[in-house]
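Ligands are counted one by one from 1 in listed order, and the atoms in each one are counted from 1 as well.
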Amino acid sequence: MKIVHVLGTRPNFVKMAPLIAALSRRMPESDQLIVHTGQHYDRLMSEIFFEQLGVPAPDFMLEVGSGSHAQQTARVMERLEPLLVENRPDLVVVPGDVNSTVAAALTAVKLDIPVAHLEAGLRSYDRTMPEEINRIVTDQISDILWVHSEEALRNLELEGIPAERAHFVGNTMIDSLVALQDRFRPLEQCRQYGLEPGSYLLVTLHRPALVDGPLLFEAVAALNRVSTMMPVLFPVHPRTRARLAGNAELSGNLHLVEPAGYLEFLSLESDAGAVLTDSGGIQEETSYLGVPCFTLRGNTERPVTIELGTNVLLGLDPARINEIPTIIAGKDPSAPPPEPPPLWDGQAADRIAGQLAESV
Ligand code: UD1
Ligand code: UDP
């Protein structure tokens with residue numbers, strides 16, 4: 001079986017690493033090719049994930065870089081098509097919900113090549129989010145849908161996607177975290193910034209709805225206030241860095257730093273007193289780690305994290321950041337963390353590889 005994996009962004013690398021490894025183990029005779037679209041390209045957004053997660057170097061680099069949605073999507077399609085024509089895989093695997101995902105799925109399906117979508121079925125029911133469009137389109141045209149939660153199965157059913165296409169396999173992003181526990185747990189990366197484990201608020205913000213307008217500066221103002229009560233560490237995504245560009249006033253206890261490597265970030269996350277984010281993946285990781293998470297968005301495509309009790313949806317309202325110190329002060333630190341959702345157990349990729357191996 002010849003499989004082409006198409007990856008392009010930071011969360012894609014985390015989701016795909018365990019699957020590529022599991023397929024090599026379970027189907028050693030298969031031929032796996034890795035295509036990096038180049039949607040993310042800074043070393044701290046790309047290369048470091050290949051190194052730390054042990055993903056083989058890409059076989060093809062499309063180097064699409066940044067651009068408008070249409071430019072990025074079109075460049076992936078134009079550059080991927082000849083490669084798929086020449087290599088004619090039996091399956092193209094696409095993860096997540098980024099522009100590279102939908103572009104690769106569209107390209108493959110029009111060449112009559114089956115597509116498998118990893119992390120299918122998530123819905124925020126907010127079509128102003130670019131990712132929501134990418135999810136809907138990718139799920140509709142994929143032949144195999146690997147889902148990580150029961151709510152995702154329901155979303156697919158509501159859209160009329162035949163049940164036999166969807167497979168509840170678990171969460172490969174959690175597989176990556178579990179696989180690296182022995183390496184990130186002892187790191188205590190926070191000490192590099194002079195911070196004590198459990199004492200600080202870790203922040204990541206990168207969604208256009210928040211960072212591409214004035215809300216970003218309201219969020220920074222609220223973080224300045226919170227930092228008088230607890231130190232704030234904010235590894236800044238490049239989109240956000242470009243928007244801040246020296247325009248924000250920072251107090252002494254609000255630390256803006258480069259994006260963290262994956263191991264370093266997991267260490268910061270697991271040792272945080274709380275996390276403030278608009279990331280999809282970080283809502284999941286904090287749920288697994290049992291770290292209180294506050295999501296600065298109006299909705300989430302991951303309601304399972306809210307039901308679990310680890311994640312609080314603050315709304316798209318930076319003023320609510322001010323509530324975080326009081327909320328976490330009211331939590332019982334000795335309360336045991338909740339059980340992770342079903343099949344968030346470190347074995348998802350192995351389940352997928354087992355199913356694929358049986359199907360050939
Ligand atoms: C993309 C995904 C988003 C995902 C996020 C993960 C889409 C529509 N968005 O958002 O769903 O949550 O990745 O991080 O696919 N930039 C750099 N260096 C890089 C990459 C980006 O400087 O290596 C800067 C550029 O100025 C670029 C901007 O960040 O214009 C945004 O990058 P882009 O890939 O378009 O979207 P993200 O915001 O990263
Ligand atoms: N991450 C990281 N360094 C950082 C921020 C995030 O390694 O500075 C990891 C995080 O642990 C998770 C993934 O990147 O595995 C989430 O990516 P991101 O928030 O960019 O995308 P999203 O999940 O929102 O699509």
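Contact annotation: for Glu119 versus ligand 2, there are no heavy atoms closer than 4.0 Å. Contact annotation: for Pro235 versus ligand 2, heavy atoms closer than 4.0 Å belong to the side chain alone. Here Ala242 has no heavy atoms under 4.0 Å from ligand 1, in either its backbone or its side chain. With a 4.0 Å cut-off on non-hydrogen atoms, Glu285 touches ligand 2 through its side chain and not its backbone. In Glu264, neither the side chain nor the backbone holds a heavy atom less than 4.0 Å from any atom of ligand 2. Both the backbone and the side chain of Tyr262 come within contact range of ligand 2, each with a heavy atom under 4.0 Å.
The pair Arg79-Glu63 does not meet the salt-bridge criterion, since no charged nitrogen lies less than 4.0 angstrom from a carboxylate oxygen. Contact check on Asp175 versus Lys15 returns no salt bridge, with no Lys/Arg side-chain nitrogen under 4.0 Å from an Asp/Glu carboxylate oxygen. Classification of Asp42 and Arg10 as a salt-bridged pair fails, no side-chain N sitting under 4.0 Å from a carboxylate O. Comment: Glu51 engages Arg43 in a salt bridge, judged by a side-chain N to carboxylate O separation of less than 4.0 angstrom. Between Asp126 and Arg297 there is no salt bridge, since none of the side-chain N atoms of the basic residue sits less than 4.0 Å from a carboxylate O of the acidic one. Between Arg135 and Asp97, at least one side-chain nitrogen of the basic residue sits less than 4.0 Å from a carboxylate oxygen of the acidic one, meeting the salt-bridge criterion. Using a cutoff of 4.0 Å between basic side-chain nitrogens and carboxylate oxygens, Asp212 and Arg243 are scored as salt-bridged.
Nearest protein neighbour of atom 6 (C) of ligand 2, counting heavy atoms only, is Arg10 CZ, 3.6 Å. The shortest contact between atom 25 (O) of ligand 2 and any protein heavy atom is with Pro11 CG, 3.4 Å. Gly281 N, 2.8 Å is the protein heavy atom nearest to atom 23 (O) of ligand 2. Atom 35 (O) of ligand 1 has as its closest protein heavy atom Gln72 NE2, 3.4 Å. The single protein non-hydrogen atom nearest to atom 13 (C) of ligand 2 is Met173 CE, 3.9 Å, given as residue, atom name and distance. Nearest protein heavy-atom contact of atom 8 (C) of ligand 1 is Asn99 OD1, 3.3 Å. Looking only at protein heavy atoms, the nearest one to atom 27 (C) of ligand 1 is Ser66 OG, 3.2 Å. Regarding atom 18 (N) of ligand 1, its nearest protein heavy-atom neighbour is Asp42 OD2, 3.0 Å. Counting only heavy atoms of the protein, atom 22 (O) of ligand 1 lies nearest to Pro238 CB, 3.3 Å. At the top of the distance list for atom 19 (C) of ligand 1, counting protein heavy atoms only, stands Tyr41 CZ, 3.5 Å.
Judged by the shortest distance from any of its heavy atoms, Glu258 lies outside the 4.0 Å radius around the atoms of ligand 2. Within the structure, the closest approach of Gly261 to ligand 2 falls below 4.0 Å when heavy atoms are considered. Assignment of Met45 to the shell around ligand 2 is not supported, since no heavy atom sits closer than 4.0 Å.
Summarising the contacts of atom 6 (C) of ligand 1 with Gly281, Pro259, Pro11, Gly280, the nearest heavy atom is found in Pro11. The closest non-hydrogen atom to atom 20 (C) of ligand 1, taken over Arg241, His40, Arg10, comes from His40.
Remark: ligand 2 and Asp97 share no N or O pair separated by less than 3.5 Å (distance only, no angle test). Checking only distances, Leu266 never comes within under 3.5 Å of ligand 2, N or O to N or O. Between Thr204 and ligand 2, no N or O atom pair is found at a separation short of 3.5 Å. Residue His237 has no nitrogen or oxygen atom sitting less than 3.5 Å from a nitrogen or oxygen atom of ligand 2, judged on distance alone. Considering backbone and side-chain atoms together, Thr9 places no N or O closer than 3.5 Å to any N or O of ligand 1. Between Lys15 and ligand 2, no N or O atom pair is found at a separation short of 3.5 Å. Note: no N/O pair closer than 3.5 Å links Val14 and ligand 2 by distance alone. Considering backbone and side-chain N/O of Asn134, none are found under 3.5 Å from N/O of ligand 1.
Those atoms of ligand 1 with a heavy atom of Glu131 less than 4.0 angstrom away are 3 (C), 9 (N), 11 (O). Listed by atom number, the atoms of ligand 1 under 4.0 Å from His69 heavy atoms are 8 (C). Close approach to Phe49 involves these atoms of ligand 2, each under 4.0 Å from a residue heavy atom: 2 (C), 7 (O). Below 4.0 Å from some heavy atom of His237 lie the following atoms of ligand 1, by number and element: 14 (O), 37 (P), 38 (O), 39 (O). Near Arg207, meaning under 4.0 Å from any of its heavy atoms, are these atoms of ligand 1: 11 (O), 12 (O). Listed by number with element, the atoms of ligand 2 under 4.0 Å from a non-hydrogen atom of Arg207 are 22 (P), 24 (O), 25 (O). Under a 4.0 Å criterion applied to the non-hydrogen atoms of Ala260, ligand 2 contributes the atoms 2 (C), 3 (N), 4 (C), 7 (O), 8 (O). Less than 4.0 angstrom separates some heavy atom of His206 from each of these atoms of ligand 1: 4 (C), 5 (C), 6 (C), 12 (O). Numbered from 1 in the order shown, with element, the atoms of ligand 2 that lie under 4.0 Å from a heavy atom of Pro259 read 8 (O). Distances below 4.0 Å separate heavy atoms of Ser279 from the following atoms of ligand 2: 16 (C), 18 (P), 19 (O), 22 (P), 23 (O), 24 (O).
Among residues at least two apart or in separate chains, ring-ring contact (aromatic ring centres under 6.0 Å, His included) pairs with a member in residues 315-360 are His148-Trp344.
Around atom CD of Glu29, more than 12 heavy atoms belonging to other residues, nucleotides or ligands sit under 6.0 Å away. Counting heavy atoms of neighbouring residues, nucleotides and ligands inside a 6.0 Å radius, atom CG of Asp112 does not exceed 12 of them. Heavy-atom contacts from other residues, nucleotides or ligands closer than 6.0 Å to CD of Glu78 number 12 or fewer. Remark: Glu159 CD is packed, more than 12 non-hydrogen atoms of other residues, nucleotides or ligands lying under 6.0 Å away. With a 6.0 Å radius and a threshold of 12 heavy atoms from other residues, nucleotides or ligands, Lys110 has its NZ atom at or below the threshold. Other residues, nucleotides and ligands place no more than 12 heavy atoms under 6.0 Å from the CZ atom of Arg127.
Under the 3.5 Å distance criterion, with hydrogens and angles disregarded, no donor-acceptor pair is assigned to the side chains of Ser287 and Thr305.
For the pair Ser267 and Glu188, the tightest heavy-atom approach, listed with the atom from each and the gap, is OG-N, 3.5 Å.
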Next item on the list: Go through the steps to decide whether Thr295 and Asn311 satisfy the test side chain to side chain donor-acceptor pair (under 3.5 Å), and finish with yes or no.
Entry: CA-CA 7 Å; Thr295 297; Asn311 188 11; 2.7 Å; yes

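Using cut-offs of 30° and 60° on the angle between ring planes, the pair His237 and His40 is perpendicular.
Contact check for Leu201 versus Leu233: no side-chain heavy atoms found under the 4.5 Å cut-off.
Screening Phe60, Phe50, Phe49 for a ring-ring contact (aromatic ring centres under 6.0 Å, His included) with His36, the sole residue that qualifies is Phe50.
With sequence neighbours left out, Thr286 forms a side-chain hydrogen bond (donor to acceptor under 3.5 Å, both in side chains) with no residue at all.
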